[in-house]
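Keep in mind that the numbers below use all heavy atoms, side chains included, and drop hydrogens, waters and symmetry copies. First the proteins, then the strands, lettered A, B, ... as listed; each starts at 1.
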2 protein chains.
Amino acid sequence: MKRLKIPDVTVHRLSDYARILDQFDGEGIRIVSSDVLAARCGLNPAQIRKDLAYFGEFGVRGVGYHVGELKENLKGILGVTHAWRVALVGAGNLGSALAAYQGFLTHGFIITAVFDKYPEQAKLPPNGRFPKILGVDRIKAEIRRRGIQIGIITVPAEAAQGVAERLVSAGISGILNFAPVRLRVPKHVKVRNVDLGSELESLSFFLSKQGGAPS
Amino acid sequence: MKRLKIPDVTVHRLSDYARILDQFDGEGIRIVSSDVLAARCGLNPAQIRKDLAYFGEFGVRGVGYHVGELKENLKGILGVTHAWRVALVGAGNLGSALAAYQGFLTHGFIITAVFDKYPEQAKLPPNGRFPKILGVDRIKAEIRRRGIQIGIITVPAEAAQGVAERLVSAGISGILNFAPVRLRVPKHVKVRNVDLGSELESLSFFLSKQGGAPS
DNA sequence: TGTTGTGAAGTCGTTCACAGCT
DNA sequence: AGCTGTGAACGACTTCACAACA
């Protein structure tokens, strides 16, 4: 086992592996080879072995990997053996949807607080299982009080940097940012950007090249 | 101007450049150097020059780039000089929010049709500006009739592959996929995946390494 | 025998450094 | 003099190919 910087792409693939192993597990498959796993991910088998090699030796030569065992190992590596508490800032359309979106729960992330600049005006999630929406001025206090570790930013671009600073000063060091801006944060803070506009523009680019010009 | 394969990362950066040039434009800045632009993006200046060099020579040596001109050029390259018509499949929490989300419009993407397996049960967007939700069985006919070019998939993982196939058979060749599965599509079809769970797991990984273990 | 784990080779994207223009 | 455009150097990630081994 080596102590190296892990490439971002590797971490993302680890997520994929874990999800696919879950499926195999559900199908009653006990052992997989890197070949089979690679086919399911659309990757080269050596890629998988190299990714895993960053963290140890999980396979059995001549046999393959034990599905359940590898899955548990991956969960441990990803840090999702226990749930993380998440704060969501910006309860507009997108933010409210994420708060209501079940998808996160299965991955071990619990939205524990929701903040908005105008808590009264915020669009409420369709069901009532979510915490009351609080003003952004309460970010620092509530995040500390509730032991929240991850922040999701779904405010307009202009407000994103300010929110990021509040989150950081509240002690958060992981941010999932949906605003189309590059946040400036201390280097101990990890930011992942999700820019839906940019994703669509990327599709637009490829479609244009193929002659499928827009209306 | 060369005819090469453009790296995906380059296309994404072009989006960034276009957005930042828009900001400069708004600030009344007429000329930028690759240095200034790079600083704003957090990149190396040579990176920007290389990215642009895939498509032509847009700058003036000894001077820099004309903001408005470069911006228009980038929009042309990205294919966003005219609006694209988009279909959204899956009107659950996430899908409804995207339908209601204004962010796309500014980028020149118009959600022209929304489909769901159970159109009556689907959560309606908060405002009434959006098309009636149609059954997934009408995908092919409606997409063709309305000349839709891009599909967004926000259905559960199990349903995503089937939806992708319907979209492709309707003639769509660009898909933005929010379901956590690798879609199998013909190679003329471009798929961009947005996996929110995986993004959070990636944050989880980095937080765990830093000792900020979850609850 | 079959499949892992891994050094070496290969590929692709980034950064350097400077020639070429304005 | 200053900044772009670009070949060459570099670095990072991927794939190959095979030794190690159950």
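- In this structure, A/D8 and B/Y65 both approach DNA chain D, and ranking their closest nucleotides by distance from the 5' end singles out B/Y65.
- Computed from coordinates, the B/D51 CG to D/dG5 C1' distance equals 13 Å when rounded to whole Å.
- Straight-line distance from the CG atom of B/D35 to the P atom of C/dA17: 15 Å, rounded to whole Å.
- The nearest whole Å value for the distance from the CZ atom in B/F58 to the P atom in D/dT6 is 11 Å.
- Residue pairs satisfying the salt bridge (charged side-chain N to carboxylate O under 4.0 Å, His left out) criterion with at least one member in residues 31-46 of chain B, sequence neighbours excluded, are listed as follows: B/E27-B/R40.
- Straight-line distance from the OH atom of A/Y54 to the P atom of C/dG5: 15 Å, rounded to whole Å.
- With rounding to whole Å, A/L70 atom CG is found 16 Å from C/dT3 atom P.
- Spacing between atom CD1 of B/I48 and atom C1' of D/dT6 amounts to 16 Å, rounded to whole angstrom units.
- We find that CZ of A/R13 is positioned 16 Å from P of D/dA12, with the value rounded to whole Å.
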Which letters describe nucleotides 15-22 of chain D, given B = protein heavy atom under 4.0 Å from base, S = only from sugar-phosphate, - = neither?
BBB--BBB

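- Of all heavy-atom pairs spanning A/T10 and A/I6, the tightest one is CG2-CG2, 3.8 Å.
- Residue A/S34 places none of its side-chain N or O atoms closer than 4.0 Å to OP1 or OP2 of C/dT3.
- Nearest approach of A/E69 to A/F58, heavy atoms of both residues: OE2-O, 4.3 Å.
- A distance of 9.0 Å separates CZ in A/F205 from NZ in B/K190, rounded to the nearest 0.5 Å.
- Atom CG in A/L37 sits roughly 13 Å away from atom C1' in C/dT3 (whole-Å rounding).
- Classification of B/R13 and B/D16 as a salt-bridged pair fails, no side-chain N sitting under 4.0 Å from a carboxylate O.
- If you take CD1 on B/I172 and CZ on B/R144, they are separated by 10.5 Å, rounding to the nearest 0.5 Å.
- Between B/G59 and A/P7, the one whose closest nucleotide on DNA chain D sits nearer the 5' end is B/G59.
- Within the model, atoms CG of B/L52 and CG of B/L14 stand 7.0 Å from one another, a figure rounded to the nearest 0.5 Å.
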